Chemist: 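Have a look at this one.
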Amino acid sequence: MAGHSSRTTRRRGNAKQEGGGKARVEGGGRRGDGADPHAPASKKGATKNRWKSMKTRTISTVLMIGGFLGIIYMGHVYLAAMIVAIQMVMVNELFTFARKKAVYQEKEIPVSNLLQWYFFGVACFFVYGRFLNHNLMWTIREENHRKGAVGQFLLPLASWMLGHHGLCSYLLYITGFVLFTLSLKRGTLLYQFGQFAWTHMILFVVFTQSSFFVSNIFSGILWFLLPCAFVIVNDIMAYLSGFFFGRTPLIDLSPKKTWEGFIGALISTMMISFFMSKWMAQYDWMICPREDLSSGWITCDPDPVFLPAEYPLPQMLVQCISQLDGLVPQWVPRKTLTVLPIQLHAVVLAAFASIIAPFGGFFASGFKRAFKIKDFGDSIPGHGGLTDRMDCQCVMALFSYMYYHNFVSVGKDAVSSLLSAFMNLEQGEQFELFTVLKKQMHGTGLCD
């Protein structure tokens with residue numbers, strides 16, 4: 001019995017081995033033929049998701065570009081309203097991000113969220129009220145003379161608040177400060193002061209810088225559109241240059257950024273800016289400043305910055321060209337270069353967009369890495385949040401404003417500031433100033 005049992009056991013073992021070998025061979029044959037039901041399905045699913053993501057990104061991109069072009073056609077006021085709307089979305093994304101780590105405490109402090117938006121409103125009044133006070137006070141004062149409830153109450157109130165803009169801004173802010181102090185509760189002090197600090201940082205770093213876009217828009221849409229376009233062009237050219245030539249890492253915060261992409265984007269953006277600015281300078285809609293809050297078609301005499309000017313070439317270059325005169329093409333200038341001044345300004349703006357503005361993106365990348373997040377929000381399907389798309393633009397907005405007012409619009413700013421100060425005076429003070437100026441001009445012989 002024992003022998004029979006052992007033989008039976010061996011036969012069964014051999015049968016199992018043969019069956020297992022057969023199964024392995026058949027299984028190997030199935031895998032070799034690609035018949036595994038799991039791997040192909042997962043691969044197909046990943047491919048499908050990639051195409052779905054690409055479709056979402058493409059649709060949202062087309063809609064954004066179409067909407068942006070439509071708003072540009074509508075004019076200065078609508079562009080400014082678009083900037084304010086973008087700021088509200090960005091601030092909402094960052095306020096939400098700041099509260100994420102303490103959601104459970106937010107239910108205990110309902111006033112915290114309201115105070116954040118109150119301070120946003122105060123910041124809007126301070127920044128945009130200052131802009132209206134310096135640039136559009138003449139329009140507001142003219143509206144005061146109109147009939148109707150709006151002309152008799154709201155506009156005089158707005159005129160008075162803008163005339164005392166600094167005082168009103170301070171009183172609005174200090175009111176928020178008092179409300180915040182009254183809302184402090186034991187057990188949540190650290191959270192509340194953290195939100196207070198987050199709010200001020202967000203408004204200073206993001207809102208204040210991006211607000212200068214509005215001033216650029218009213219100086220002429222070109223002064224808003226060119227800096228924005230240069231940031232986008234630089235981003236595209238950095239990707240292409242890095243893709244084809246990238247070898248040397250640029251910064252640890254963004255491992256995919258390379259020196260080759262950085263330098264290639266700098267050269268490409270500066271070259272494109274030279275021709276893009278000349279093309280935009282042909283259109284009144286782009287170059288004319290808006291001095292009121294209307295939205296009608298606008299024409300103007302081109303500023304000298306948009307008219308051709310001759311610039312002498314360096315003497316050494318002139319000598320080289322003269323010595324190689326037979327080899328140098330006829331279209332190459334010999335002694336002077338005739339270009340639009342805006343083309344030279346555009347090259348400077350493009351250089352800043354290529355060298356400095358990307359650090360806004362590097363800063364945002366480091367910030368997101370520190371908090372282990374991919375995007376600041378999901379406002380744009382397939383792209384993340386608006387803040388993720390505007391990090392470099394915020395840096396560019398302030399520089400383009402400073403550059404314009406320091407190197408392009410020097411004399412005009414002085415006249416605008418004097419006119420704004422004159423409009424803030426009472427009628428008696430305006431007449432007294434007029435009398436003094438008239439006497440002064442008679443004394444210097446400027447008028448009879």
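Computed over heavy atoms, backbone and side chain alike; hydrogens, waters and symmetry mates excluded. This one's a predicted model, so the numbers in the text were calculated from it and none came from an experiment. Here, residue 1 is the first one in the sequence, and each next residue gets the next number.
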Chemist: For Leu172, does its backbone N or O pair with a side-chain atom of Tyr118 as donor and acceptor, under 3.5 Å?
Modeler: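 Present.
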
Chemist: Give a yes or no answer on whether the side chain of Ser241 reaches the backbone of Ala238 with a donor-acceptor pair at less than 3.5 Å.
Modeler: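 A pair under 3.5 Å: no.
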
Chemist: By the side chain to side chain donor-acceptor pair (under 3.5 Å) test, which pairs, at least two apart or in different chains, include something from residues 337-354?
Modeler: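 For residues 337-354: Asn234-Ser354, His345-Tyr403.
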
Chemist: Distance from Leu222 atom CG to Met276 atom CE, nearest 0.5 Å?
Modeler: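 Between Leu222 CG and Met276 CE, I get 10.5 Å after rounding to 0.5 Å.
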
Chemist: Would you kindly say whether Thr299 and Asp284 are connected by a side-chain donor-acceptor distance under 3.5 Å?
Modeler: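 There is no such pair between these side chains.
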
Chemist: Compute the ring centroids of Tyr173 and Phe119, then answer whether they are less than 6.0 Å apart.
Modeler: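 Ring centroids of Tyr173 and Phe119 are less than 6.0 Å from each other.
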
Chemist: Quick one: are the ring centres of Phe97 and Phe367 less than 6.0 Å apart?
Modeler: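 Ring centres of Phe367 and Phe97 closer than 6.0 Å.
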
Chemist: Could you tell me if the ring centre of Tyr170 sits under 6.0 Å from that of Phe126?
Modeler: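 Between Tyr170 and Phe126, the centre distance exceeds or equals 6.0 Å.
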
Chemist: Is there a side-chain contact between Ile83 and Tyr128 in this structure, where contact means two heavy atoms from C-beta onward sitting under 4.5 Å apart?
Modeler: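 Of all side-chain heavy-atom pairs linking Tyr128 with Ile83, at least one is under 4.5 Å.
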
Chemist: Counting C-beta onward and ignoring hydrogens, is there a side-chain heavy-atom pair between Thr96 and Phe376 closer than 4.5 Å?
Modeler: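 The answer is no; the side chains never approach within 4.5 Å.
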
Chemist: Answer whether the closest heavy-atom distance between the side chains of Trp223 and Ile287 falls below 4.5 Å.
Modeler: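 Trp223 vs Ile287: side chains apart.
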
Chemist: Do any N or O atoms from the side chain of Gln195 and from the backbone of Ala98 form a donor-acceptor pair under 3.5 angstrom?
Modeler: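 Indeed, once roles are kept as given, a pair shorter than 3.5 Å links the two residues.
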
Chemist: Does Ala265 offer a backbone N or O that forms a donor-acceptor pair with the side chain of Ser268 under 3.5 Å?
Modeler: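 Looks like no, no N/O pair under 3.5 Å.
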
Chemist: May I ask you to decide if Met402's main-chain N or O and Asn406's side chain share a donor-acceptor pair within less than 3.5 Å?
Modeler: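 Yes; at least one donor-acceptor contact below 3.5 Å.
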
Chemist: For the pair Ser211 and Gln87, evaluate side chain to side chain donor-acceptor pair (under 3.5 Å) and give the outcome as yes or no after the intermediate values.
Modeler: CA-CA 8 Å; Ser211 298; Gln87 288 177 322; 3.0 Å; yes

Chemist: Tell me, yes or no, whether the heavy-atom count around Tyr311 atom OH, taken from other residues, nucleotides or ligands under 6.0 Å, exceeds 12.
Modeler: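 Correct, the count exceeds 12.
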
Chemist: Would you indicate whether the side-chain heavy atoms of Val91 and Met88 approach each other to under 4.5 Å?
Modeler: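 Answer no - side chains too far apart.
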
Chemist: Do Phe180 and Phe193 pass the ring pair (Phe, Tyr, Trp, His ring centres under 6.0 Å) test, and can you show the C-alpha distance, the side-chain angles, and the key distance before you say yes or no?
Modeler: CA-CA 9 Å; Phe180 168 76; Phe193 278 107; 5.5 Å; yes

Chemist: Strictly below 4.0 Å, N to O, side chains only: are Asp388 and Lys374 in salt-bridge contact?
Modeler: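 The answer is no: the pair does not qualify as a salt bridge.
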
Chemist: What pairs with Gln209 under side-chain contact (heavy atoms from CB on, under 4.5 Å), at least two apart in sequence or on another chain?
Modeler: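 Partners of Gln209 by the side-chain contact (heavy atoms from CB on, under 4.5 Å) criterion, ordered by chain and then number, come out as Val205, Cys394, Leu398.
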
Chemist: Hey, what do you get for CG (Leu386) to CG (Leu94), rounding to the nearest 0.5 Å?
Modeler: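 Answer rounded to 0.5 Å: 10.5 Å.
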
Chemist: Is there a donor-acceptor pair closer than 3.5 Å between any side-chain N or O of Ser409 and the backbone N or O of His405?
Modeler: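 It does not hold such a pair.
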
Chemist: Please walk me through it: do Ile86 and Phe213 pass side-chain contact (heavy atoms from CB on, under 4.5 Å)?
Modeler: CA-CA 11 Å; Ile86 289 175; Phe213 270 139; over 6 Å; no

Chemist: Can you confirm if the aromatic rings of Trp117 and Phe95 lie within a centre distance of less than 6.0 Å?
Modeler: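 Judged by ring-centre distance (under 6.0 Å), Phe95 and Trp117 do meet the cut-off.
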
Chemist: Between Thr258 (side chain) and Gly261 (backbone), is there a donor-acceptor pair under 3.5 Å?
Modeler: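 Yes.
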
Chemist: Using side-chain hydrogen bond (donor to acceptor under 3.5 Å, both in side chains) as the criterion, list what pairs up with Ser365, not counting sequence neighbours.
Modeler: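 With neighbours one apart ignored, the set is empty.
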
Chemist: Side chain of His165, backbone of Phe125: donor and acceptor closer than 3.5 Å?
Modeler: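 Yes; at least one donor-acceptor contact below 3.5 Å.
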
Chemist: Any chance you could lay out the side-chain contact (heavy atoms from CB on, under 4.5 Å) test for Leu184 and Leu189, step after step, and finish with the verdict?
Modeler: CA-CA 6 Å; Leu184 293 173; Leu189 293 176; 3.8 Å; yes

Chemist: May I ask you to decide if Thr199's main-chain N or O and Gln116's side chain share a donor-acceptor pair within less than 3.5 Å?
Modeler: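 Here the side-chain-to-backbone pair does not exist.
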
Chemist: Any non-hydrogen side-chain atom of Leu225 less than 4.5 Å from a side-chain atom of Met280?
Modeler: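 Heavy-atom side-chain distance check passes, below 4.5 Å.
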
Chemist: Under 6.0 Å between ring centres: does that hold for Phe359 and Phe362?
Modeler: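 That pair passes the under 6.0 Å test.
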
Chemist: Count the heavy atoms belonging to other residues, nucleotides or ligands that lie under 6.0 Å from CE of Met271, then report whether that count exceeds 12.
Modeler: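 Counting neighbours around CE of Met271, 12 or fewer heavy atoms of other residues, nucleotides or ligands fall under 6.0 Å, so no.
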
Chemist: Would you mind reporting whether Val231 and Asp235 have side-chain heavy atoms less than 4.5 Å apart?
Modeler: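 Contact flag for Asp235/Val231 side chains = no.
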
Chemist: Does Phe177 CZ have over 12 foreign heavy atoms under 6.0 Å away?
Modeler: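 Counting neighbours around CZ of Phe177, 12 or fewer heavy atoms of other residues, nucleotides or ligands fall under 6.0 Å, so no.
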
Chemist: Measuring centre to centre across the rings, with the benzene-like ring taken for any Trp, is His76 within less than 6.0 Å of Trp285?
Modeler: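 Centroid separation for His76 and Trp285: below 6.0 Å.
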
Chemist: Would you say the ring centroid of His200 lies under 6.0 angstrom from that of Phe204?
Modeler: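 No, the ring of His200 stays outside the 6.0 Å limit from the ring of Phe204, centre to centre.
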
Chemist: Of all heavy-atom pairs between Leu226 and Ala346, which one has the smallest distance, and what is that distance?
Modeler: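 Smallest interatomic distance, heavy atoms only, reads CD1-CB, 4.5 Å.
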
Chemist: Please check if atom NZ in Lys257 has more than 12 non-hydrogen atoms from other residues, nucleotides or ligands closer than 6.0 Å.
Modeler: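 Counting neighbours around NZ of Lys257, 12 or fewer heavy atoms of other residues, nucleotides or ligands fall under 6.0 Å, so no.
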
Chemist: How close do Leu171 and Ile174 get, heavy atom to heavy atom, and via which atoms?
Modeler: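 Between these two residues, the closest heavy atoms are O-CG2, 3.3 Å.
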
Chemist: I would like to know whether Val127 and Phe207 meet side-chain contact (heavy atoms from CB on, under 4.5 Å); could you show each step before the answer?
Modeler: CA-CA 9 Å; Val127 173; Phe207 171 79; 3.8 Å; yes

Chemist: Identify the heavy atoms of Ala397 and Asn216 that sit nearest to each other, and give their distance.
Modeler: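 That would be O-ND2, 3.5 Å.
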
Chemist: Would Asn113 and Arg99 count as a side-chain contact (heavy atoms from CB on, under 4.5 Å) here? Give the steps.
Modeler: CA-CA 9 Å; Asn113 190 19; Arg99 291 193 299 267; 3.1 Å; yes

Chemist: Can you see whether Ser379 engages Glu93 through a side-chain donor-acceptor pair at a distance of less than 3.5 angstrom?
Modeler: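 Looking only at side-chain atoms, Glu93 and Ser379 do form a donor-acceptor pair, the distance falling under 3.5 Å.
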
Chemist: Can you see which heavy atom on Leu337 is nearest to which on Pro333, and at what distance?
Modeler: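 Closest heavy-atom pair between Leu337 and Pro333: CD1-CG, 3.8 Å.
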
Chemist: With rounding to the nearest 0.5 angstrom, report the CG to CD1 distance, Leu266 to Ile355.
Modeler: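 CD1 of Ile355 is found 5.0 Å from CG of Leu266.
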
Chemist: Hey, could you give me the CD1/OG1 distance between Ile232 and Thr269, rounded to the nearest 0.5 Å?
Modeler: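 The distance works out to 11.5 Å.
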
Chemist: Could you tell me which non-hydrogen atom of Pro341 sits nearest to which non-hydrogen atom of Leu307, and how far apart they are?
Modeler: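 Scanning both residues completely, I find the closest heavy atoms to be CD-O, 3.0 Å.
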
Chemist: Given side chains that start at C-beta, do those of Phe131 and Val214 come closer than 4.5 Å, heavy atoms only?
Modeler: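 Sidechains of Val214 and Phe131: in contact.
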
Chemist: Would a 4.5 Å heavy-atom cut-off, applied to side chains only, mark Glu260 and Leu250 as touching?
Modeler: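 Glu260 vs Leu250: side chains apart.
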
Chemist: To the nearest 0.5 Å, what is the distance between CE (Met161) and CG (Leu167)?
Modeler: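 Answer for the CE-CG pair, Met161 versus Leu167, is 10.0 Å.
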
Chemist: Between Gln192 (side chain) and Ser183 (backbone), is there a donor-acceptor pair under 3.5 Å?
Modeler: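 Yes, Gln192 side chain to Ser183 backbone: donor-acceptor pair under 3.5 Å.
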
